[in-house]
Amino acid sequence: MEWEVVIGLETHTQLRTKSKIFSGASTTYGAEPNTQACEVSIALPGVLPVLNKEAVKCAIKFGLAVNAEIAPRSVFARKNYFYPDLPKGYQISQYELPVVGKGSLTIQVGDTEKTIRITRAHLEEDAGKSVHGAQEGMSGIDLNRAGTPLLEIVTEPDMRSAAEAVAYAKKLHELVQWIGICDGNMQEGSFRCDVNVSVRPKGSDKLGTRREIKNLNSFKFMQQAIEYETRWQIETLEDGGKIEQATVLFNPDTGETRSMRSKEEANDYRYFPDPDLLPLEITEVDKSAVEAEMPELPQAMVARFVSDYKLSAYDADTLTSSRAIADYFEATVKAFGGEPKLAANWVMGSVAAKLNEEDKDISASPVSSTQLAGLLKRIADNTISNKIAREVFDAMWAGEGEADAIIEKKGLKQVTDSGAIEAIIDEVLAANVAMVEEFKAGKEKAFNALVGQCMKASKGKANPAQVNEVLKKKLG
Amino acid sequence: MINSSLKQLGAMLASKQISSVEMTQEFLDRIAQHNAELNAYITVDAEKSLAQAVAADQRIANGTAEPLTGIPIAQKDIFVAKGWKTTCGSRMLENFIGPYDASVIERFDAAGAVNLGKTNMDEFAMGSSNETSYFGGVKNPWDRSRVPGGSSGGSAAAVAARLCAAATGTDTGGSIRQPASLCGFSGLKPTYGLVSRYGMIAFASSLDQAGPMAKSCEDMALMMNVMTGFDERDSTSLQRDKEDYTRDLAKHESSDRPLAGLKVGQPREFFAEGLDATVAKVVQDAIEQYRKLGAEIVDISLPNTKLSIPVYYVLAPAEASSNLSRYDGVRYGHRAAQYTDLMDMYCKTRAEGFGAEVKRRILIGTYVLSAGYYDAYYLKAQQIRRLIAQDFEQAFKQCDIIMGPTAPGTAFRAGEKTNDPVAMYLEDLYTIAVNLAGLPGMSIPAGFAEVEGKNLPVGLQVIGNYFDEARMLNVGHAYQQVTDWHTRMPEGIA
C-alpha cells in the first residue's frame, strides 16, 4: 500500500520584548538563576498579572504578516496543572478566543509553491526551568524564564512530507525575524516546534491517529524526527498494529522518537477565563498603528525588486532571504546609484562567498554597503575592471581601507589612455609574430591569446574593451 | 477615646491632646487585655506599630498630616505587608513574612495611618463564622459564646470591642457586611474594581473586594478616601477620577427630612422564607425610620436572588481552586517534612497546609471546571450571574438605593453550623448577589434583637448602584444622625 504522511506544526516563538508578558521583570537570556524572577514570576500570594502591550503588538504584527484575522476581542485563560517550574499552578494562555485567527504562509519546495493554512496564533507565558543535578540529590527551579512571552502559531495539517514541514518552519523562522518579533535563536529555545504526524493510505481523506513530537529546536532534527516517525508509523500499521495518540520525544543521539505519555495520561487542564485579566480588545486604530510600523514583507519586496531593479525572480528571492541581506542590498544600490544588477551580483557573489567562508552574518560584514558601493562606482566608471575589483574587494575585506585608496595605493587604476594602450599593443605584436601569423591564417583563437598577452603586459590594468578595439583595428 | 470617631481622633492628634504613640499604645494595651479571649488578632507587633506612630507624630508636628495620620488601623491578615507575617488564616502561610506591600497597605502607609496588627479571618477568606481559621475562632464581643461572622471576623471583633480605631476587611460573598451585621458596626464593600486587589491574597478574583469596617459611615468615608483609586498593577482596577466620599456628609445634617426625594427599593425576596422574624422586625423599623427621613419606599423584585448561592458556590470555588494552586510547597509556605517523590510532596503539603473548608472548595472548584462538567456548571453559572446583574439593573430603574437585611439572623453559637456547610452558606443569602453583580453594598447597625435573653446586633443592608458609594454613605450618615445604634458598645470591653 502507498502511504501519505500528514503533518501539522505548533511553533512556540519567544517574543522579543524587554520585559515579561505579565510583569516588568527582564527577559534577558542567560542570567544567574532566579535573578530575573520578580514577585509575579515567583507567584507570591497576592500578585496579579498585567499584560505587556509590546507582546500584543508582536501578535498583531504576526497576524498582519500572514494575512490573518486579528480578533477584536480575545480572552486569556488559565491552563491548570501542577509542575514545580510552573509557579502559579496554571499557565496563562489563550484558549477559545485567540488573538490571531485564520491566516496563511506560502512556502517553496523545489519548484512548487504551496500555501500552508495557519489555524491560529495565541499569546501565552513560558514556564520556568527545572535544573537537575546542580545540587546532589536535589532539583533546582530557575524562574528567570517564567513569564517570558510566547506566540504559539498553529497550522492546519497541510504538510505532506518532512521537506514541506521543514520548509514551512524555515519560512516561519525567517518571517518572525523579518518582522522583528523573535530573535530566532533556536539554541536558546526562542523558536521551538511541536510536530503532529499521522499517516494514512494515499487517497484517503480521513486523518490517521496522530502522535506529537515535542520541542524540536533544529531543522535537522525536525527532518530526522519526522522521517523516523513516519517510517515507524507505517511499519507499525503494516505489521497490523495500531497507532495510539501520544506525545513523543525525539532523541538526536539515536535518531528515534519515544513515547512520553499517552492520551489516557493527558492532563485535564480545566481551562477557564482568567478573572485577573480583562478581555484583550484590539481596535482598527491599534491595528493601523502597528501596520504603520510594519516593515515591507518579503513577498512584496521580491515583487518590487523585480519591477524596480529589473532583477530576476531568483535574484530577488535570494536577496530577500533575510531582512539584513535585503537591507544591505538596497543600501548598496542607493549609495551606488548605478546598475542594480551589478550590486545584486556582488552581494550574492563575493560578499555572500566571503560571509559563508567565514561563517559570518551580513551584519558582521567588514565591508559596509557604502564601501561596497564605492567599489561598484569604480567598476561602473571604468576605473577598474571586474577582475581587478575582486582584488580590491579582498583588500577591503582585510581592512585595508576604502576602494579608492586601495586602487590608488596599489596603482590598480585601469589604463584608458589610447596612446598608452597602443604602445602596449605594439610591443605585444612585435614580440608575438607567430601568433599574429596564426590569426591572419584564420585562427580566431589567436586573437584572444593576443588580448590576454596585452592584459598581462598591462598587469591587468588596461581597459579590455579598448584593447579589443585597438587590436582589431591594428590586425585589420 | 475608644468610642471616638476617626474625625475626633484626628482632631485630638492635631491639637496635641494625645500623640499617635500614646493612642497606639492605648490600643495595644487594650489588645493585650482582650485579645487572649477574643482572638481578634493573629499578629501584633508593637515595635513596628509604634515606629509608625513616631513617624506619624513627626508628620503631625511638621504640618504634613492627612486625616488618618497617626490613627491605628487593624489590617485583615489577607493583605500582604512587608515585614509582617501574612497568614491568610492558614497553616499554609503560618510562617510567611510579606516581602512586599499590598496596595491597600501602601495607601494607609502613605496616609500616615498606623498598622495596628493583622486580624484573624476564615482560612483564605472561606467561611462565614471565622471558625475555619487555622489560628482558632474569634469570639463575638456581644456574646462570647457566639461567632463574629466571617470571613473578616477578626476585624469585626476588633472594631466592635474597640481594639482599633477602624479596620479593613475583604468581601467576596458578604465577608465585610455579614460580620458588620453580627457585631453591630458599619462595613462597606465597594464597587468591584474601586480598591486595588494587588497584594490582597486571592480567594475568588472576580468577586473579591476590599473595604472599610468602622464605627460609622463618616469613618468609612474617610477610609474610602484612602483605599480607593486606580492601580496599574491590578488589571481589574478602574480608572476613575478620585472622589471625596465625605463631600456631602454634612449637607443634610440640619434638615428634618434630609432624604426627601430618595427612592428606597425593598426587594420582596429579601423578606421571604429564611429570614428570622426578629431580624425582619428590626430591619422594617429601620426602613420605617428612613421613611421619616423623607425617603419613599417602593416594592421591588430581584427574582433571581435564590439562585445566587448555587451560582456563587460554582464560580467562587472554581476560581479558588486555581488561585490556591500556587501553594504547592515549592517556593514558599508550608512544605511537608517528609515525602517520597514530587507527587507525594504535593499531596502531603496540601493535605497538611489546608483546612477542611478550603479543601472542600478546591474539590468543588476542580470538579466544576473538569472536562465534561464545565458547560453544565461553570458556563451555566456565568449565564445566571448575568441574569442576577440584570435583576439589579431593572431594580435601579425603579429606585435609587436598595435596603433589606444583611444576614438572615443574628450571631449564632460557635460550632452551631460547622457540621452543616449549606446552613453556613445560607448566611450569605442576601449579600452574595451584590458581589456577583459587582455592586457596592453596606451594612449599618439597625438595632438589636433579643435572643435567649441577650441583645444581639442586627444590620441593615444598603445596596447602591455602581460607583454610588458617596450617596450610600450619605444615606447611612443621615440615619446615624438620628439613631445611636452605631455608638453602642458591648459590655465588658471598657
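Throughout, protein chains are lettered first and strands after them, A, B, ... in sequence-line order, and every chain is numbered starting at 1.
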Review point. Side-chain donor-acceptor pair under 3.5 Å between Arg78(A) and Asn323(B), yes or no?
Key: yes
Practice item. Identify which part of Asp268(A) has an atom lying under 4.5 Å from any heavy atom of chain B, answering side chain, backbone, both or neither. Key: side chain
**Study point:** Partner chain A: residue of Val368(B), Thr86(B), Leu369(B) with the largest heavy-atom pair count (under 4.5 Å)
**Key:** Leu369(B)
Review point. In terms of heavy-atom proximity below 4.5 Å to chain B, should Ile42(A) be classed as side chain, backbone, both, or neither?
Key: both
Check your understanding: How far does CZ of Phe82(A) sit from CE of Met345(B), to the nearest 0.5 angstrom?
Key -> 10.5 Å
Review point. Can you tell if the side chain of Ser370(B) reaches within under 4.5 Å of the side chain of Tyr269(A), non-hydrogen atoms only?
Key: no
**Study point:** For the student: nearest non-hydrogen atoms of Val50(A) and Asp234(B), plus distance
**Key:** CG2-N, 4.4 Å
Check your understanding: Between Arg270(A) (side chain) and Thr366(B) (backbone), is there a donor-acceptor pair under 3.5 Å?
Key -> no
Exercise for review: Name the region of Phe96(B), side chain, backbone, both or neither, that has any atom closer than 4.5 Å to a heavy atom of chain A.
Suggested key: side chain
Practice item. Identify the two heavy atoms, one from Tyr346(B) and one from Tyr83(A), that lie closest to each other, and give their separation to 0.1 Å. Key: OH-C, 3.1 Å
Practice item. Please tell me if the side chains of Val80(B) and Leu44(A) come closer than 4.5 Å, counting only heavy atoms from C-beta onward. Key: no
Revision key, fill the gap. Comparing Pro273(A), Pro87(A), Gly89(A), Gly24(A) against chain B, the one with the most heavy-atom pairs below 4.5 Å turns out to be Pro87(A)
Check your understanding: Side-chain contact, heavy-atom cut-off 4.5 Å: Val330(B) with Ile141(A)?
Key -> yes
Check your understanding: How long is the gap from CZ on Arg331(B) to OG on Ser41(A), to the nearest 0.5 Å?
Key -> 11.0 Å
Point to revise | Portion of Tyr198(B) that has a non-hydrogen atom of chain A nearer than 4.5 angstrom | key: both
Check your understanding: Does atom OH of Tyr466(B) have more than 12 heavy-atom neighbours from other groups under 6.0 Å away?
Key -> yes
Review point. Which bit of Ala102(B) is near chain A, if near means a heavy-atom gap under 4.5 Å: side chain, backbone, both or neither?
Key: neither
Check your understanding: For the rings on Phe272(A) and Tyr374(B), is their centre-to-centre separation under 6.0 Å?
Key -> no
Check your understanding: So which of Ser322(B), Gly329(B), Ala318(B), Ser205(B) has the largest heavy-atom pair count under 4.5 angstrom toward chain A?
Key -> Ser322(B)
Check your understanding: More than 12 heavy atoms of other residues, nucleotides or ligands under 6.0 Å from CD of Gln338(B): is that the case?
Key -> no
Review point. Of the backbone (N, CA, C, O) and the side chain (C-beta and beyond), which part of Glu232(B) lies under 4.5 Å from a heavy atom of chain A, both, or neither?
Key: backbone
**Study point:** Contact winner vs chain A - Ser206(B), Gly199(B), Ala202(B), Gly98(B), heavy-atom pairs under 4.5 Å
**Key:** Gly199(B)
Review point. Does any heavy atom of chain A fall under 4.5 Å from the side chain of Tyr327(B), the backbone, both, or neither of them?
Key: side chain
Review point. In terms of heavy-atom pairs under 4.5 Å, which option from Ile78(B), Leu379(B), Ile201(B) contacts chain A the most?
Key: Ile201(B)
Review point. Looking at CG of Leu280(A) and OG of Ser235(B), how far apart are the two atoms once the value is rounded to the nearest 0.5 Å?
Key: 11.0 Å
Study note, to complete from the structure: Ranked by heavy-atom pairs below 4.5 Å to chain B, first place among Leu86(A), Leu51(A), Asn80(A), Leu143(A) goes to Asn80(A)
Review point. Tell me, side chain or backbone of Ala204(B) under 4.5 Å from chain A's heavy atoms, or both, or neither?
Key: neither
Check your understanding: More than 12 non-hydrogen atoms from neighbouring residues, nucleotides or ligands closer than 6.0 Å to NZ on Lys348(B), yes or no?
Key -> yes
**Study point:** Interatomic distance, Tyr90(A) atom OH to Ser325(B) atom OG [nearest 0.5 angstrom]
**Key:** 8.0 Å
Exercise for review: Go through the atoms of Leu93(B) and report whether side chain, backbone, both or neither lie under 4.5 Å from a heavy atom of chain A.
Suggested key: side chain
Check your understanding: Considering only heavy atoms, which portion of Tyr271(A) lies under 4.5 Å from any heavy atom of chain B: side chain, backbone, both, or neither?
Key -> backbone
Review point. What do the steps show when you test Glu319(B) against Asp274(A) for side chain to side chain contact (heavy atoms under 4.5 Å, CB included), and what is the final call?
Key: CA-CA 9 Å; Glu319(B) 293 182 18; Asp274(A) 192 331; over 6 Å; no
Revision key, fill the gap. When rounded to the nearest 0.5 Å, the distance separating CG of Leu48(A) from CZ of Arg233(B) is 9.5 Å
Exercise for review: Count the heavy atoms belonging to other residues, nucleotides or ligands that lie under 6.0 Å from OH of Tyr377(B), then report whether that count exceeds 12.
Suggested key: no
Review point. Which atom pair, heavy atoms only, marks the closest approach of Pro45(A) to Tyr100(B)?
Key: O-OH, 2.7 Å
